[in-house]
Amino acid sequence: MAAFSAPPIGCLLMAAGNASRFGENKLTARFDGQSLFSRALEAIPAGVSQYPSLLEEASQAGFDAILNDRPEDGISRTIRLGTRAMADCAGILYMVADQPLLQAGTVRRIVDAWQEHPNCITAAAHNGKRGNPCLFPSRFFPELCALEADRGGSSVIRRHEDALLLVEAGERELFDCDTKQALEILKGNA
C-alpha cells in the first residue's frame, strides 16, 4: 500500500516593497531584539525580496529566495514571481513581513483550516475583519498571476468572498508596521 502524501503547500513571504511610508527598509527595523524580517522567518518558510542581505538571510535559514528586481512594479510582481515559482503547490500562504507579533501557532491554524477546506481562501482575521496571512488554493493562481501594479490578493478575495474562510487571530498579531511611528507604538505596547 502506497503512503499517503499531502499536496505541498508553498509559502511566500513578501519582502520586496519599497517601504515609502516607513522611509527606509523597514524589514531591518528592530522589534524585541530582532529584525522584522527575522521574526517573519520564524513564523513561516520562503521569501521574495529586492534586498540582497535579506535574500542571504533567508538562504542561510534554508529557504529558497527569489529576487524581485523591479519592486516599483508593485506587490503584484512579487505575487507573480512567488506564485510562478510555486505553481506546483496545492496552495500558497501569502504573508507580509511586517507583522512582528504574528505567531507560528496562528499560521499553523490557517494551514490546518485550509487543509480541512482546500477549496477555500483561508485568512487570518480578528472579529470578522480579514488581515494577513492568506492561503490561496491553486485554482486562484491564474487570477493572482494576472494582478497588476499595486493590487494584491484582496482584489481576488473581493471577487470570491463566498470562498473565504476566516481563522480568528489576536488583534495585535495582525498589526503591521507600515511606518516608524506604528513600530514605535507597537514597541511601547509590547
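Note: hydrogens, waters and symmetry copies are ignored here, and every other heavy atom, side chains too, is used.
- Atoms CG and CG, on Leu186 and Asp176 in that order, are 10.0 Å from each other to the nearest 0.5 Å.
- Side-chain contact check for Pro133 versus Leu102: some heavy-atom pair is nearer than 4.5 Å.
- Considering only heavy atoms from C-beta on, Val156 comes within 4.5 Å of His160 through its side chain.
- Taking OH from Tyr94 and SG from Cys11, the interatomic distance works out to 10.0 Å, rounded to the nearest 0.5 Å.
- Atom CE in Met86 sits 8.0 Å away from atom CZ in Phe141 (nearest 0.5 Å).
- Using modelled atom types, one finds no donor on one side chain facing an acceptor on the other under 3.5 Å when comparing His126 with Glu173.
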- Pair Ser35-Arg30, side chain to side chain contact (heavy atoms under 4.5 Å, CB included): steps then yes or no: CA-CA 4 Å; Ser35 71; Arg30 310 294 284 176; 4.0 Å; yes
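- Residues Lys129 and Asn127 fail the side-chain proximity criterion, which asks for heavy atoms closer than 4.5 Å.
- Taking both residues in full, the closest heavy atoms of Thr78 and Asn68 are given as OG1-ND2, 2.8 Å, listed atom of the first, atom of the second, then distance.
- For the pair Thr83 (side chain) and Arg80 (backbone), a donor-acceptor distance under 3.5 Å is absent.
- For the pair Arg39 (side chain) and Gln34 (backbone), a donor-acceptor distance under 3.5 Å is absent.
- Put simply, the residue from Pro137, Pro142, Ser138 that forms a side chain to side chain contact (heavy atoms under 4.5 Å, CB included) with Phe140 is Pro137.
- Between Leu93 and Thr122, every side-chain heavy-atom pair lies at or beyond the 4.5 Å cut-off.
- Contact check for Phe37 versus Asp98: no side-chain heavy atoms found under the 4.5 Å cut-off.
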- Query: Going through the checks in order, is the side chain to side chain contact (heavy atoms under 4.5 Å, CB included) test met by Arg130 and Leu164?
  - Reply: CA-CA 10 Å; Arg130 183 185 52 79; Leu164 182 61; 4.1 Å; yes
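- No salt bridge links Arg77 with Asp150; every basic N to acidic carboxylate O contact stays at or beyond 4.0 Å.
- When all heavy atoms of Gly128 and Leu166 are compared, the closest pair comes out as O-CD1, 3.7 Å.
- Separating the CD1 atom in Ile157 from the CG atom in Asp162 is a distance of 12.0 Å, to the nearest 0.5 Å.
- A donor-acceptor pair is defined here as one N or O able to donate and one able to accept, closer than 3.5 Å; such a pair exists between the side chain of Gln103 and the backbone of Leu101.
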- Message: Evaluate Met14 against Ile75 for side chain to side chain contact (heavy atoms under 4.5 Å, CB included), listing each step before the verdict.
- Response: CA-CA 8 Å; Met14 296 181 284; Ile75 194 169; 4.0 Å; yes
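- Gly153 and Leu147 get closest at one heavy-atom pair: N-CD1, 4.1 Å.
- Arg70 and Asp73 are joined by a salt bridge, as a carboxylate oxygen and a charged side-chain nitrogen come within less than 4.0 angstrom of each other.
- Across Cys134 and Phe136, no two heavy atoms sit closer than the pair CB-CE1, 3.8 Å.
- No single ILVMFWY cluster, assembled from side-chain heavy atoms under 4.5 Å apart, contains both Val111 and Leu174.
- The closest donor-acceptor contact from the side chain of Arg109 to the backbone of Glu168 lies under 3.5 Å.
- Taking both residues in full, the closest heavy atoms of Pro100 and Phe175 are given as CD-O, 4.2 Å, listed atom of the first, atom of the second, then distance.
- Leu165 and Ile9 are not part of a single hydrophobic cluster, where members link through side-chain heavy atoms under 4.5 Å apart.
- For the pair Cys177 and Leu183, the tightest heavy-atom approach, listed with the atom from each and the gap, is SG-CD1, 3.7 Å.
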- Derivation and outcome, side chain to side chain contact (heavy atoms under 4.5 Å, CB included), residues Glu143 and Ser155: CA-CA 9 Å; Glu143 287 184 64; Ser155 60; over 6 Å; no
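- Around CZ of Arg139, the count of heavy atoms belonging to other residues, nucleotides or ligands within 6.0 Å exceeds 12.
- Checked for salt-bridge contact, Asp32 and Lys187 miss the test: no charged N lies under 4.0 Å from a carboxylate O.
- Asn132 contributes atom CG, which lies 5.5 Å from atom CD of Gln99 (distance to the nearest 0.5 angstrom).
- In this structure, the side chain of Glu148 does not engage the main chain of Ser76 through any donor-acceptor pair within 3.5 Å.
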